[in-house]
There are 2 protein chains.
Amino acid sequence: MTNVIDESGILAISTRLQRLADALRKEGQLIYQSFGLDFEPKWFPVVYTLHLKSSLSVVEIANEIGYAHPSTISLLKELEKQQLIRSKKDKTDERKRLIVLTEKGKTLVNAMQPVWENMQRALSEIADNKHNLMKAIEEAEAKLKVSGFFERSQKIRQSGNL
Amino acid sequence: MTNVIDESGILAISTRLQRLADALRKEGQLIYQSFGLDFEPKWFPVVYTLHLKSSLSVVEIANEIGYAHPSTISLLKELEKQQLIRSKKDKTDERKRLIVLTEKGKTLVNAMQPVWENMQRALSEIADNKHNLMKAIEEAEAKLKVSGFFERSQKIRQSGNL
DNA sequence: TCCATATATGTAGTTAACTACGTAGTTTTA
DNA sequence: TAAAACTACGTAGTTAACTACATATATGGA
């Protein structure tokens, strides 16, 4: 199991992140199935957000979950098809569509609580190590927010040595 | 900048990983451009592997970089178009195509050394924190190799409480 | 008050990975 | 030694995110 990429260090980091994200998403799908639930991991951010905030516009949801708005729209379409959400025009601003969970959606969220608890434990086993993965992600995101990868590269370059 | 997903904990981890991978890949593209190099981050795993191993078949490359072979084939097509690699039939096994870097490819690899060094430093600034991102990824991957997310979920479920 | 600018939503097309399946050589085994 | 099983490569179609652009409504300033 020699693997050049695992040894090429940090340069292949985006490859490694993507691989890991893919694997977890796919296995997440199997877990929902095994509990007999008709739910997909990619829906989690939207549904969880609406569970907490109850009524939000498309762009507000996009901001909450950190996605571009067209991605959010396509998730909302799927959830509408599943009858887990519905939407109505905002009366005070005709441009906005306010999204809410349906009764079916709320029921499903309740049914998913033990599954989420189960997943959380399994994920903790995987991610809680000497270097905690969630904390590492949070710290890296915080750094990027202060100054991006490109900006840091430019600064290093201008500093002379590279 | 309230963000439900950042606070929803580990359940949205695959979303977070993907976001981070995307951001780093895109900024990586800008960095190559800023150095005047016609190179894309997604090509790195293949090119770096061929730089170290010089002649490999399609499936061997796929295994080295941890991708499915069709993904590798489409990367190889792009690299062939860029004239960075070429291939010839293996004489002892007619099924195999042996891939090598061209002279242009080798020259580019040399030209990229300082850029890779620069990127490595910038990435270290981002990822070397209290919880080191690369190490966290490695640890999580090791755990998954022992027993996957699904398998762990099943075991927790069977243990009774969930 | 009306025009310019900004915001909210939507559509179309792209990207970078994947799985499923097909074909052609190679190896094993009955 | 011929059939079965395996391996290598390739194609087609899918997925889950993205950017760029279009349209409709709202708002602020001259």
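First the proteins, then the strands, lettered A, B, ... as listed; each starts at 1.
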Indicate yes or no for a side-chain donor-acceptor contact from A/Ser54 to the backbone of A/Leu50 under 3.5 Å, with no hydrogens or angles considered. no
Take the protein atom NZ of B/Lys96 and the nucleotide atom P of C/dA24, then report the distance between them rounded to whole Å. 20 Å
Side chains of B/Glu141 and A/Arg19: closer than 4.5 Å at any heavy-atom pair? yes
A/Asn63 CG - C/dT9 P separation (whole Å): 10 Å
OG-CG distance between B/Ser159 and A/Asn118, expressed to the nearest 0.5 angstrom: 8.5 Å
Proximity to the side chain of B/Glu40 - top-ranked nucleotide from C/dA16, D/dA17, C/dG10: C/dA16
Measure CG/B/Leu75 against C1'/D/dG10 and give the value in whole Å, please. 15 Å
Check the phosphate of C/dA17 against B/Ser74, side-chain N and O only, distance under 4.0 Å to OP1 or OP2. Yes or no? no
To the nearest Å, how far apart are A/Glu80 CD and C/dG10 C1'? 13 Å
Salt-bridge present (A/Glu80, A/Arg97; N to O < 4.0 Å): yes
Whole Å only: how far is the NZ atom of B/Lys77 from the P atom of C/dT15? 15 Å
Nearest nucleotide by nearest heavy atom, which residue falls closer to the 5' end of DNA chain C, A/Gln18 or A/Leu98? A/Leu98
A/Asp22 CG to D/dT15 C1', straight-line distance once rounded to whole Å: 9 Å
Measure the shortest side-chain to side-chain distance between A/Lys104 and A/Leu108 over non-hydrogen atoms and say whether it is less than 4.5 angstrom. no
Send over the distance from A/Leu76 CG to C/dG10 C1', rounded to a whole Å. 12 Å
Could you label the plane-to-plane angle of the A/Tyr48 and A/His51 rings as parallel, tilted or perpendicular, counting under 30° as parallel and over 60° as perpendicular? tilted
Each nucleotide in nucleotides 19-26 of chain D should get exactly one letter: B, S or -. Can you fill that in based on protein heavy atoms under 4.0 Å? BB----BS
Euclidean distance, atom CD of residue A/Glu60 to atom P of C/dT9 [Å, nearest integer]: 8 Å
Please determine if A/Glu60 and A/Lys53 form a salt bridge, counting it only when a charged side-chain N lies under 4.0 Å from a carboxylate O. no
